[in-house]
Amino acid sequence: MKFARLTGYFEELEATSKRLEMFEILARLFNEASAKDIDKIIYLSQGQLLPPFKNIEMGMSEKLLIKALSDASQSPTKKVEEVFRKTGDLGETAEELLKNRGEGLSVGKAYDELTDIAHTGGTGSVEKKISLLSNLLRGTSSNEAKYIARFVLGRLRLGVGDPTVLEALALSKGDRGLRQELERAYNLCSDLGLVAKTLLEKNMEGVRKLRIQVGYPVRMALCERVPSSEEIIEKMGKTAVEAKYDGLRIQIHKDGNNVDMFSRNLERTTHMFPEITAAVKTHITAKKAILEGEALAYNETTGELFPFQITMQRKRKHGISELAKEYPLKFFAFELLYADNEDYTEKSYAERRAKLESLIKKNPVIEPAEMFITDNPKKINEYFDEAIERGLEGVVAKRLDAPYSAGARNFNWIKLKRSYRGELADTIDVCIVGYFRGRGARAKFGVGALLGAVYDEKTDSFKTVSKVGSGFTEDEFSELKKILDGIAIKHKHPRVDSVIEPDVWVEPRYVVTVTADEITRSPLHTAGKDREGIGYALRFPRAVGFIRTDKKPEDANSVKEIIEISNQQKKVKVG
Ligand code: ATP
């Protein structure tokens, strides 16, 4: 496919504010794509070169792009900056400066050249990156240049989410019912490019044969919630009960001496956990394995667990080895997904757990998560209270006969967390879909409140649930302004459903965690809207922490969960 054809589709996607139209445009695009190009087309449409777990970054700044644009258009940087000031968007700047050039570029070539730019690093790489990019831009039409400029800055803003791609892929085959099987494959490899390529090359038979593989992260299983131990036993009968550790979830992939780790949102995090990597090499007895667990800072002398904030410090680029000495981590393994050519995701919890325990040689870093089996709610309550005292977050009950539900949140796992007086039993993760400039003292930061939405799985869209104006520091408000202006869009995003009009709409990309007093009904919000147009809203919402870098937009809480939590709050005895 010609790259200009692809950017023509990008134009269409950018112009629409209707979700169904978005599916239809993508389905047409996928239908037209060859098996050779389809993976690249999907990655590019999502503003990336490869799935996030490959951790490949363009490493391009506005400054470098301005230099490349100046080079390619043979105009002084001053001129480029002048146009940029006028348009406020380097994409439009590129469009204006690089008028009427050829349209000979293919998708494959554009993709390869962008990949070369991303791979250029080390000494002298800045000059090299600029010259590669200006070469690429020199041969493009204005429309192509616009999207290349936005792409290299990570500002494509088409907002093509993973579920949208799956839906459109199914639609492109004329059968929306295929979505489920496509999703199964995606849940096991987390690579939409691979799923689509397999579909085009080998049809659905090929997709059905896609299996779990070491090196491809599996989309993680998540918990449902209930308000009490009694309900856990009512729902599950005899069940396994594990400690809920408040640390960082890691999915570990071991292939001999090669160890890779992935975060909750499937980014590669291996560099953050040197001591766990070393322990996996020597103390996990399978040659090949995929296991999951929670990493947590702990006090070596007293054996006490440290709070989340201390574990969180591992999320940095430098100084990891010093940190590993100061705050060593323990890894509490709670799941086995694969071991020596056997897929464990389809086996029961009981089988997975037994095998997991048998694979861990006694060592100071890795140990199986605390677990006991019971059908007595009192036993759960006793353990729960003791767990909270020790600084754990609560418990997770796991159905003994259930498989590992990749990519799903269902009642195979149920969490029970502490509920505080006057607060919801759980925090809510909302996706930011717009912001309000704020009045009075707030106006000086440029952001006074965020419009937060929860995710509706059924329609793959975001429905508003809250205006969040407190909980951020002044610095955080200023930082939010910068970040959100980078993803601002001219109209409501097609995947957003809102009756409230914020001052600025943004692409649904960032998630923040909020706490609230309770969930109420409100005509102002679209989450869970009934026939009378009354939805659900958070009462007295306040942000806890800043943007959640470990969550994708679809990882925000769902409409379904908001309704569940609302129903549960009626039943919970507080105190
Ligand atoms: P939360 O903020 O409550 O962790 P979440 O949406 O990230 O919510 P949940 O599905 O609610 O995820 O809870 C599962 C998370 O709890 C896992 O992602 C993991 O990090 C953590 N966890 C801690 N201990 C366990 C355990 N024994 N089994 C499963 N998950 C656990």
Side-chain angles (χ1 to χ4, degrees), residues 17 62 85 87-89 154-155 157 159 422-424 426-456 461-529 533-553 555-557 559 562 565:
S17 59
E62 282 187 353
R85 260 196 303 278
T87 58
D89 166 22
R155 291 187 197 155
R157 300 182 204 172
E423 254 186 29
L424 282 180
D426 206 349
T427 51
I428 308 286
D429 294 329
V430 298
C431 179
I432 308 170
V433 298
Y435 73 81
F436 303 86
R437 295 213 170 84
R439 286 189 220 113
R442 288 284 179 74
K444 71 171 187 274
F445 311 117
V447 175
L450 307 175
L451 183 58
V454 283
Y455 182 58
D456 184 8
S461 61
F462 295 89
K463 310 220 153 157
T464 72
V465 72
S466 187
K467 227 171 122 172
V468 188
S470 69
F472 294 115
T473 63
E474 298 190 352
D475 285 351
E476 283 173 343
F477 270 122
S478 307
E479 185 67 21
L480 276 170
K481 163 99 173 114
K482 258 192 261 155
I483 294 174
L484 295 179
D485 283 345
I487 55 162
I489 44 180
K490 292 196 179 104
H491 51 70
K492 185 170 69 60
H493 192 275
R495 290 169 73 207
V496 171
D497 183 5
S498 174
V499 289
I500 296 182
E501 277 270 334
D503 295 321
V504 179
W505 289 109
V506 300
E507 183 195 320
R509 186 183 309 172
Y510 297 116
V511 171
V512 289
T513 301
V514 296
T515 176
D517 285 4
E518 59 174 339
I519 293 175
T520 53
R521 304 303 304 267
S522 159
L524 289 177
H525 289 286
T526 51
K529 198 164 73 174
I534 313 286
Y536 290 79
L538 305 183
R539 186 170 137 86
F540 297 135
R542 52 229 176 244
V544 276
F546 199 54
I547 287 173
R548 295 282 305 256
T549 49
D550 59 335
K551 296 218 169 173
K552 293 206 289 179
D555 292 331
N557 279 103
V559 172
I562 292 293
I565 298 174

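Heavy atoms only, all atoms of each residue included: V468 and S466 are closest at CG2-OG, 3.8 Å. Pairing each heavy atom of E507 with each of G159, the nearest pair is OE2-CA, 3.8 Å. Between A527 and V454 the shortest heavy-atom distance is CB-CG2, 3.7 Å. For C431 against P553, the heavy-atom pair with the smallest separation is SG-CB, 3.9 Å.
Checked options V433, T464, L451; the residue passing with P502 is L451 (criterion: side chain to side chain contact (heavy atoms under 4.5 Å, CB included)).
Between V504 and L484, the closest side-chain pair of non-hydrogen atoms is not below 4.5 Å. At a threshold of 4.5 Å between non-hydrogen side-chain atoms, the residues R548 and V512 do not count as touching. In this structure the side chain of F436 never reaches within 4.5 angstrom of the side chain of L450, judged on heavy atoms. Taking the side chain as every heavy atom from C-beta outward, V514 and V544 never approach each other to under 4.5 Å. Side chains of T526 and V499 form a contact here, defined as non-hydrogen atoms less than 4.5 Å apart.
Y455 does not carry K463 over the face of its six-membered ring by the limits of under 6.0 Å from the centre and within 45° of the normal.
At least one donor-acceptor pair closer than 3.5 Å links the side chain of D503 to the backbone N or O of R437. The closest donor-acceptor contact from the side chain of E476 to the backbone of T473 lies under 3.5 Å. Put simply, the side chain of R495 never gets that close to the backbone of P508: no donor and acceptor are under 3.5 Å apart. For the pair N557 (side chain) and D429 (backbone), a donor-acceptor distance under 3.5 Å is present.
Note: D475 CG to L480 CG = 11.0 Å, rounded to the nearest 0.5 Å. We find the OG1-OH distance between T520 and Y536 to be 10.5 Å, quoted to the nearest 0.5 Å. Put simply, OG on S478 and NZ on K481 are 10.0 Å apart, with the number rounded to the nearest 0.5 Å. We find the NE2-CG distance between H525 and L538 to be 7.5 Å, quoted to the nearest 0.5 Å. F462 contributes atom CZ, which lies 12.5 Å from atom NZ of K492 (distance to the nearest 0.5 angstrom). Interatomic distance, OG of S17 versus NE2 of H493, reported as 10.0 Å (0.5 Å rounding).
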**OP:** Go through K552 and V511 one step at a time and tell me if the side-chain contact (heavy atoms from CB on, under 4.5 Å) criterion holds.
**Re:** CA-CA 7 Å; K552 293 206 289 179; V511 171; over 6 Å; no
Subject >> Verdict with reasoning, F546 to I483, per side-chain contact (heavy atoms from CB on, under 4.5 Å) >> reply: CA-CA 12 Å; F546 199 54; I483 294 174; 4.0 Å; yes
Original post:
Going through the distances and angles, do V430 and I428 end up as a side-chain contact (heavy atoms from CB on, under 4.5 Å)?
Top reply: CA-CA 6 Å; V430 298; I428 308 286; 4.1 Å; yes
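The aromatic rings of F477 and F445 sit parallel, their planes meeting at an angle under 30°, below the 60° perpendicular limit.
Within a 6.0 Å radius of NZ in K467, other residues, nucleotides and ligands contribute 12 heavy atoms or fewer.
Ion pairing between K490 and D89 fails under the 4.0 Å rule for side-chain N and carboxylate O. Of the charged side-chain nitrogens involved, at least one lies within less than 4.0 Å of a carboxylate oxygen, so that R539 and E518 count as a salt-bridged pair.
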